[in-house]
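One structure is given below, encoded as structure tokens.
Values in this document were obtained by computation on a predicted structure and should not be read as measured data. Note: hydrogens, waters and symmetry copies are ignored here, and every other heavy atom, side chains too, is used.
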Amino acid sequence: MRENTRKIANKAPALADARRLVVKIGSALLVGPNGLAGEWLRGLCDDVAMWRQRGCDVVLVSSGSIALGRRVLGLPAGALSLEQAQAAAAVGQIRLARAYEEALAPHGVTTAQILLTLEDSAERRRYLNSRATMQTLLSLGVVPIVNENDTIATDEIRYGDNDRLAAQIAVTCGADQLLLLSDVDGLYTANPKTDPDARHLPLIEHLTPEIEAMGGDPVSGLSKGGMKTKLLAARTAIAGGCAMVIAEGSVLRPLSAVAGGARASWFLPDSDPQTARKRWIAAMKPKGAVTIDQGAVNALRGGKSLLPAGVRSVSGAFGRGDPVTIFGPSGETLATGLTRYTADETRRIRGHHSAEIEAILGYPGRAALIHRDDMAL
């Protein structure tokens, strides 16, 4: 038994080795009967600061705005109407952001608030904008605090739970690990509260239909929490090259507890985030093409982004965020990439230096036509 445990430990990632970590925090951990769980939040932020000191980028996907807001507004217990929930979120979100800011400030960590809806990941231009914003914040050493924008989201345009939102954020920002802090310490073969024979699964190497069935049937409509949504999150995360772990989060230093060997369930990806993204881009159907000069070819092969100055011709009718084929000067196919400009804009700025873009288009644009992270050679 000990030998088997060692084998599992050798296969599972180490949370302490994460390069970019997304942590999902549920309402029950953050908001108790007496309001905000301040001591727990400070312990979590102590861990976040420790991971930041190790050079790890950290993104927090945090519930809690509605739970906080309903207390301030004196709303009754039980289900809220859509309008009440949106009002509670509007009041609670500002308090939630302030709580994180105050808990991380003593560590010299800057925070930012990002509020998203399902449409921000479903619509490609908005997805790329949110991805670029998050990448910039992380490059500046900021810890983004992400939540669903419950003040405007309706049932038709919402995730409905932060497990799946966290998985989408992990894929969006290229995280290599996703930690779901829960009220259970991982995945079991059955509900351990009702089945004494339920076995804990510390390592899931492949997300099979049998494994997915262990989450139980989804509730009607959009699920909120529960193991079912965590397994749906796992499917998204591992497809994007991100390892995912479910762990019990009520201890005061939850990240340290998982890193120290606390019982948890790890889901392993088939590849790393960058490889998975490149594979996804390469499989997309191009909406147009650009032909580049030899200097740009050399830059691409050296790992650089494609700048407008290297573009010689443009074909097709594509929009921002659409996939385009990149051809070399002799017509050879070099890559597929997601463009940051429309076909018309690309035609206007081709052959020009990035510093000239604002003068040509009348508004500031991005320096690269296709960023190297959005390109599959």
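Sorted by first and then second residue, the salt bridge (Lys or Arg N to Asp or Glu O under 4.0 Å) pairs involving residues 75-88 (not counting sequence neighbours) form an empty list. Residue pairs meeting the side-chain hydrogen bond (donor to acceptor under 3.5 Å, both in side chains) criterion with at least one member in residues 326-343, sequence neighbours excluded: Thr342-Glu345. Pairs passing the ring pair (Phe, Tyr, Trp, His ring centres under 6.0 Å) check and including a residue from residues 14-62, sequence neighbours excluded, do not occur.
Side-chain atoms of Asn162 and Glu148 include no donor-acceptor pair closer than 3.5 Å. With hydrogens and angles left out, the side-chain atoms of Gln113 and Glu101 include no donor and acceptor closer than 3.5 Å. Inspection of the Asp270 and His206 side chains reveals no N or O donor paired with an N or O acceptor under 3.5 Å.
Here the closest heavy-atom approach between residue Pro364 and residue Glu358 is recorded as N-CG, 3.7 Å. When all heavy atoms of Ala247 and Ala264 are compared, the closest pair comes out as CB-CB, 4.0 Å. In terms of heavy-atom proximity, Cys45 sits nearest to Ala103 at SG-CB, 3.5 Å. Of all the heavy atoms in Leu201 and Thr189, the pair that sits closest is CD2-CG2, 4.0 Å. Considering every non-hydrogen atom in both Asp47 and Pro254, the closest pair reads OD2-N, 3.4 Å.
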Worked check of side-chain hydrogen bond (donor to acceptor under 3.5 Å, both in side chains) between Glu356 and Ser354: CA-CA 5 Å; Glu356 302 175 81; Ser354 300; over 6 Å; no

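Here the options are Arg277, Arg320, Met375, the test is side-chain contact (heavy atoms from CB on, under 4.5 Å), and the partner is Leu338; only Arg277 passes.
In this structure, the side chain of Arg131 engages the main chain of Thr172 through a donor-acceptor pair within 3.5 Å.
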